[in-house]
Amino acid sequence: MRYISTRGGAPPVSFLDAVLAGMAPDGGLYVPETWPELGLSPRKVVFTHYGNVAKHTLRAFAGDDLSEDDTIELVNEAYIEAPADPHDASWRAKWPEPVTPLRQVRVGDWLLELFHGPSLSFKDVAMQLIGPLYDLALTKRDTRLSVVCATSGDTGGAAVEALKGRERIDLFVLTPKGRVSEVQRRFMTTSGAANVRVLEVDGDFDACQAIVKAMFADADFATRAQLSGVNSINWARIVAQSVYFQIAAHTYGGLGPVDFVVPTGNFGDAYSGWVAKQLGAPIGKIMLATNENDILARALNTGRYERGASKATLSPAMDIQVASNFERILFEALERDGEGVARLYAQLAQSGGFDIPPAALERLRADFAAAPVDDAETLQTMAWSAQDDAPVCPHTAVGYAARSKVVDALSQNAVVFLATAHPAKFPETVERATGAAPPLPAKCSDLFQRTEQFDSVAADADAVKQYIRERSRAWS
Ligand SMILES: *Cc1c(COP(=O)(O)O)cnc(C)c1O
C-alpha cells in the first residue's frame, strides 16, 4: 500500500514512512493511493473481538510494512494483553470489554462510549496503538525519536499514557498555561516517566502549535532531533479510529445505513468515519457538530472555507479554527485533484479563505451535514440529557444539540452519537449544568494525590528548541 500527498507534489511513500513523517514534503497530507479491501465479512466485524477488526484494518492499510505477526502483537498490546512487566498494575484497567461500548440512550439513538481508555478521551483509542507501532518501527530501523505534541488538553494525556517509559522515544508535550482543565493537566504531568517532559507554555494553544510548526520547519533541527508528531493528521490515528465506526455501523447494517454524530475540531474523527464508509461500512450521513469555532459548519453550509478568530468555549478540545484533516476530504471531493487542493490552500494562506467549487461541495454534502452549537445550548443540553441518563461531557453534548438542529437533513436511520470524553474530565462544566460533579473512575481516582512534574517556558520557539536539544536522547 502506497501513500500519496493531497497536494500532488511529493513522491509516494510506504505506510510507516507516512505515519512517521506526518506531513508530506509538499505541505500536503498523506492518503492511501487506493482504498483497500478489509477482508472481513460484515458479520465478522460485529461478532469478533474489537482487536480482530483492528488487526484486519491495520493490515489492509499497512501492506508489506507490517507482517501478520507484527499486527497481532501491536493490537494485542494496544487493546488486549498486559505489557511484559507483570508488576505494572496500570494495564488491568486500561479498557473494559468491549473497548468502545455502544449503549442505547433513546429509541433509535445510541451512544458510542469512546472514553474508557487510560486518559478518559477518545484520543486513547488510537494513541494506545501508536505507542507500540512507533516502538516497532523504531526497533526495525534501529533509531530513536523526539516526539512533540501541542495539545489543548486531551491529546497530551493520551500521548503520555501511550508513550511513557518507551526506550526509543522522548516525548515533549506543549500545553497552554491555564487553558486546560485540572484533570486534563494532571493526566499529562503525573506519569513520573523519565522520557516524558511537559512544557507549560506562557501562551494559548495557537502559540503552542506555532512553536511545533516552527520546529518542523527548521530542517536542520528536525533532522538532528529526529522529530516526529502525534497530532491528529497522523495517518495511524485515522486508521485506528475507523475501527469503532465500522463495528458500530455493521451492528445495524442489516437494518440499513447508520448516521453518526461526531463532535468535531480538527476533523480527524469525522474523517475516520468517512474512511470506514470507504471500507464498506453501512454509513449514511456523518454529522459534524462544532462549537462556536464553526469553520466546518460554515464551509458545508455556505461553501466558503474561511478562518475566523478562535474563541474559548466550554468544549475546549474543539476550539480549533483550521481543521487540518479537512484537506483530506477536500482532495476526495475534488476527485483527487492535488493541484486543485494546492491552489485552494495557497489562497487560504494568502487571504484566509477559499470557495469550495460547486461540484465538490455537492459531493461533500452527500456524505456530511453540519451545525454549530453555542455554550448556552451546550449547558442546556447537558442539563436535560442528565435528567434521564448519566451526564455527558460538553463535547458529547454539542453532538446532541447539533443533531436536533439538522433533523430534517437526516433520514430515519438509526443514529450513533460519539461520546468523546468522560464527563469526569470536565467536572466544573458538568457541575454547572447538572448541579453535581461526576466522580473519576476507580482506575484513576488517585489522580489528585499523584505528584505533578512540568517545566515552564516562554512562548518562544528558540527556547523550546534549546530545551529539547539539551534533553532529547535522539539528538545527533
Ligand atoms: C479531540 C477531541 C474532539 C475533536 O476531535 P477531532 O478529531 O479533532 O475532530 C472532540 N471531543 C474531544 C473530547 C476531544 O478530545
Side-chain angles (χ1 to χ4, degrees), residues 29 100 111-127 130 149-162 175 179-181 183-185 187-188 205 209 229-242 244-245 260-276 286-291 293-297 299-300 310 313-329 368 370 372-373 378 382 391-402 417-427 429-430:
L29 304 182
T100 56
L111 196 65
L112 183 59
E113 294 182 349
L114 304 175
F115 52 69
H116 293 287
S119 74
L120 310 184
S121 89
F122 90 89
K123 306 285 201 300
D124 285 323
V125 181
M127 213 67 90
I130 294 255
C149 141
T151 180
S152 60
D154 290 330
T155 299
V160 168
E161 285 292 338
T175 180
R179 303 287 185 105
V180 300
S181 82
V183 178
Q184 285 179 313
R185 189 189 71 228
F187 273 119
M188 298 186 243
F205 171 69
Q209 199 157 38
V230 287
N231 43 13
S232 74
I233 57 166
N234 186 297
W235 180 253
R237 284 181 64 176
I238 302 291
V239 171
Q241 287 161 187
S242 79
Y244 47 74
F245 280 98
F260 283 86
V261 179
V262 186
T264 300
N266 239 332
F267 195 69
D269 210 6
Y271 174 70
S272 300
W274 186 87
V275 168
I286 297 169
M287 156 101 210
L288 312 176
T290 74
N291 62 26
N293 298 287
D294 60 348
I295 182 167
L296 286 169
L300 216 64
S310 160
T313 73
L314 293 174
S315 44
M318 312 197 304
D319 291 350
I320 289 170
Q321 270 299 338
V322 174
S324 314
N325 284 290
F326 184 71
E327 179 165 349
R328 287 186 159 123
I329 202 70
F368 298 95
V373 171
T378 305
M382 290 172 77
V392 294
C393 91
H395 309 79
T396 308
V398 167
Y400 280 165
F417 294 87
L418 269 53
T420 48
H422 194 289
K425 231 173 161 177
F426 303 91
T429 308
V430 175

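First listed ligand is number 1; within each ligand, the first listed atom is number 1. Only this structure's heavy atoms are used, side chains among them; waters, hydrogens and symmetry mates stay out.
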N or O contact, Ala317 vs ligand 1, cut-off under 3.5 Å: no
Residue pair Asp154, Gln184: steps toward the side-chain contact (heavy atoms from CB on, under 4.5 Å) verdict: CA-CA 6 Å; Asp154 290 330; Gln184 285 179 313; 3.1 Å; yes
Identity and separation of the nearest protein heavy atom to atom 3 (C) of ligand 1: Phe122 CE2, 3.6 Å
Ile320, any N or O under 3.5 Å of ligand 1 N or O: no
From Thr396, Thr429, Val398, residue fulfilling side chain to side chain contact (heavy atoms under 4.5 Å, CB included) relative to Met382: Thr429
Donor on one side chain, acceptor on other, Ser119 and Asp124, under 3.5 Å: yes
Heavy atom of the protein closest to atom 4 (C) of ligand 1 (residue, atom name, distance): Gly265 N, 3.6 Å
Nearest heavy atoms of Val239 and Ser242, plus distance in Å: O-OG, 2.8 Å
Atoms in ligand 1 with a heavy atom of Thr264 nearer than 4.0 Å: 9 (O)
Side chain, backbone, both or neither: the part of Lys425 lying under 4.0 Å from ligand 1 by heavy atom: neither
Nearest neighbour in protein (non-hydrogen) for atom 11 (N) of ligand 1: Thr420 OG1, 2.9 Å
Subset of ligand 1 atoms that lie under 4.0 Å from at least one heavy atom of Pro263: 4 (C), 10 (C)
Closest approach of any protein heavy atom to atom 6 (P) of ligand 1, naming residue and atom: Asn266 N, 3.6 Å
Interfacing atoms of ligand 1 (cut-off 4.0 Å, heavy-atom, Gly268): 6 (P), 7 (O), 9 (O)
Top protein contact for atom 2 (C) of ligand 1, by heavy-atom distance: Lys123 NZ, 2.5 Å
Residue selection (non-hydrogen contact nearest atom 7 (O) of ligand 1) among Leu418, Leu120, Asp269: Asp269
Arg237 side chain to Ser272 backbone, donor-acceptor under 3.5 Å: no
Heavy-atom check, side chain of Phe245 versus side chain of Leu418, under 4.5 Å: yes
Residue among Thr313, Asp319, Thr264 satisfying side chain to side chain donor-acceptor pair (under 3.5 Å) with Asn293: Asp319
Asn266: side chain to side chain donor-acceptor pair (under 3.5 Å) partners, not counting sequence neighbours: Ser232, Ser324
